[in-house]
Amino acid sequence: FYKTDIDPNHQVQIVRIMGHIGSEIAINNLLNKLTHTNREVIGQAILSLRICNFTADEKHKQRLIQVIDNIIAIIAWNLAAMASLNNIEKAEKLKAAFDEEQTRNYSLLFEALSVAYDQESVIHVQENINIGSSESIGFAIELLDIFVDDEIKPKLFPLIEDISDLDKVRQLEDHYPVKLMPELELIKAILNKNPNEINRYTKHCALGLLFNKTDIQVDNTLIAQIFNPDYLLSETSAIICHSNKPDAYRNVSKRLEIK
């Protein structure tokens, strides 16, 4: 697992295997993976702990609460981005990309809750949320209020409440650095976002908003993406740069590695 230059996909596979081993040593290793730098590894560690039917005791719960807090922070930032997109034209692809991000994030959130707390109780909460009525959502929050630690209630409950994304952001901004952003600021924020918190396709969709714009300032954010090791982002940024500022692109292209 700790081999130099190991493929991250192989690390995820190793963590998956640990879940099927299910021994005490395997579980301890999985708990240690909850602080890994790769989000895919963290997500698989949570799923593997579920496979082991592991439920955290007080000794390990605080570590899982930190994982839950990190997931909520990602969801909160995405909610602010989605609320910002309501004022931006031709952003359908980016909105759809964020919808997919949030579906995955919410799924991971409840997987983590199922490891930190009683699994059956969390499943009951999800069932009520999925019904989708104001009454069922209210009941889900009442259930969570019974067993969830007080420190995460004001962060978790707004995600579930039957309110708009904007209202959720307003409640969450007391706990996380989230805010509404104008179009160009939002695009830059998405591009600069940690790849462990937002996937490459969402960043590609954000770059897509810059197509057909004639007043783009080719700044360091866009230039940095040209040197991104991810070819999808690199080539898209190069096309936008070349279309808007050919001279700037020629200067940058001299620094590109020719293969």
Side-chain angles (χ1 to χ4, degrees), residues 8-9 12 15-16 19 34 38-51 64 67-86 88 91-117 119 121-134 136-137 140-141 143-144 148 152 155-169 171-172 175-176 178 180-181 186-187 189-191 193-209 230 232-233:
N9 292 323
V12 172
V15 173
R16 184 181 297 115
L34 294 175
N38 187 320
R39 186 178 170 214
E40 298 295 330
V41 170
I42 296 173
Q44 185 57 56
I46 293 171
L47 293 175
S48 292
L49 286 168
R50 280 285 310 276
I51 292 172
L64 279 154
V67 172
I68 291 168
D69 185 74
N70 292 341
I71 297 170
I72 294 175
I74 294 171
I75 294 174
W77 196 93
N78 288 354
L79 284 170
M82 295 169 76
S84 300
L85 287 174
N86 290 331
I88 298 175
E92 289 77 15
K93 285 187 177 181
L94 185 53
K95 289 178 182 178
F98 269 115
D99 283 339
E100 291 184 13
E101 293 259 10
Q102 293 294 70
T103 297
R104 181 185 178 197
N105 290 331
Y106 273 100
S107 177
L108 184 60
L109 173 62
F110 280 98
E111 293 287 356
L113 286 168
S114 296
V115 176
Y117 303 101
Q119 183 174 329
S121 297
V122 175
I123 290 174
H124 198 31
V125 168
Q126 283 184 281
E127 290 172 346
N128 278 277
I129 292 172
N130 291 336
I131 292 172
S133 66
S134 297
S136 64
I137 291 173
I141 292 175
L143 290 174
L144 284 170
V148 168
I152 62 172
K155 304 172 183 178
L156 177 62
F157 290 178
L159 302 185
I160 300 168
E161 290 176 356
D162 188 21
I163 55 178
S164 69
D165 288 350
L166 182 57
D167 287 333
K168 291 180 181 182
V169 171
Q171 292 189 38
L172 291 165
H175 307 284
Y176 303 104
V178 296
L180 300 185
M181 291 173 275
L186 175 62
I187 292 171
I190 292 171
L191 294 176
K193 196 72 175 166
N194 187 320
N196 274 321
E197 299 178 3
I198 195 167
N199 70 44
R200 64 194 289 265
Y201 178 71
T202 304
K203 292 191 176 193
H204 174 69
C205 291
L207 278 172
L209 291 178
D230 186 314
L232 177 66
L233 298 176

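All values below come from the heavy atoms of this structure, side chains included, with hydrogens, waters and symmetry mates left out. These figures come from a predicted structure and were not determined experimentally.
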Seminar exercise, completed: To the nearest 0.5 Å, atom CD1 of I190 lies from atom NZ of K203 at 9.5 Å
Exercise. CD/E111 to CD/Q119 distance, rounded to the nearest 0.5 angstrom?
Worked result: 8.0 Å
Exercise. Do F157 and Q171 have side chains that get closer than 4.5 Å, going by heavy atoms?
Worked result: no
Problem set entry | Nearest-0.5 Å distance that lies between atom CG in L186 and atom CE in M82 | 11.5 Å
Exercise. Are L79 and Q102 close enough that some pair of their side-chain heavy atoms sits under 4.5 Å apart?
Worked result: yes
For this session: State, yes or no, whether a side-chain contact exists between L108 and I42 at a heavy-atom distance under 4.5 Å.
Result: no
Exercise. Of all heavy-atom pairs between P158 and I163, which one has the smallest distance, and what is that distance?
Worked result: O-CD1, 4.3 Å
Exercise. Judged by atom type as modelled, is there a donor-acceptor pair below 3.5 Å linking the side chain of K93 to the main-chain atoms of H204?
Worked result: no
Problem set entry | Side-chain donor/acceptor of E40 to backbone N/O of N9, under 3.5 Å | no
Exercise. Distance from S107 atom OG to I46 atom CD1, nearest 0.5 Å?
Worked result: 10.0 Å
Distance-only donor-acceptor pairs under 3.5 Å for side chains of residues 122-131, two or more places apart:
residue: N128; atom: ND2; partner: H124; partner atom: O; Å: 2.9
residue: N130; atom: ND2; partner: Q126; partner atom: O; Å: 3.2

Exercise. Is there a donor-acceptor contact under 3.5 Å from the side chain of S114 to the main chain of F110?
Worked result: yes
Exercise. Can you find a pair of side-chain heavy atoms, one from I75 and one from Y176, that are under 4.5 Å apart?
Worked result: no
Problem set entry | Y117 vs L64 side-chain heavy atoms within contact, under 4.5 Å | no
Exercise. Does any non-hydrogen side-chain atom of N86 lie less than 4.5 Å from one of L166?
Worked result: no
Seminar exercise, completed: Heavy-atom closest pair (S48 atom, G19 atom, distance to 0.1 Å) is CB-CA, 3.6 Å
Seminar exercise, completed: Tightest non-hydrogen contact, residues L207 and L233, listed as CD1-O, 3.9 Å
Exercise. Between N199 and E101, what is the shortest heavy-atom contact and its length?
Worked result: N-OE2, 2.8 Å
Exercise. Please walk me through it: do L94 and I187 pass side chain to side chain contact (heavy atoms under 4.5 Å, CB included)?
Worked result: CA-CA 10 Å; L94 185 53; I187 292 171; 5.8 Å; no
Exercise. Roughly how far, to the nearest 0.5 Å, is the CG atom of D167 from the CD atom of E161?
Worked result: 9.5 Å
Exercise. Of all heavy-atom pairs between A76 and L172, which one has the smallest distance, and what is that distance?
Worked result: CB-CD1, 3.7 Å
For this session: Please check if the side chain of Y106 supplies one atom and the backbone of L159 the other of a donor-acceptor pair under 3.5 Å.
Result: yes
For this session: Compare every heavy atom of I68 with every heavy atom of A112, then report the nearest pair and how far apart it is.
Result: CB-CG1, 3.8 Å
For this session: Working to the nearest 0.5 Å, report the span between CG of L85 and CD of E92.
Result: 10.0 Å
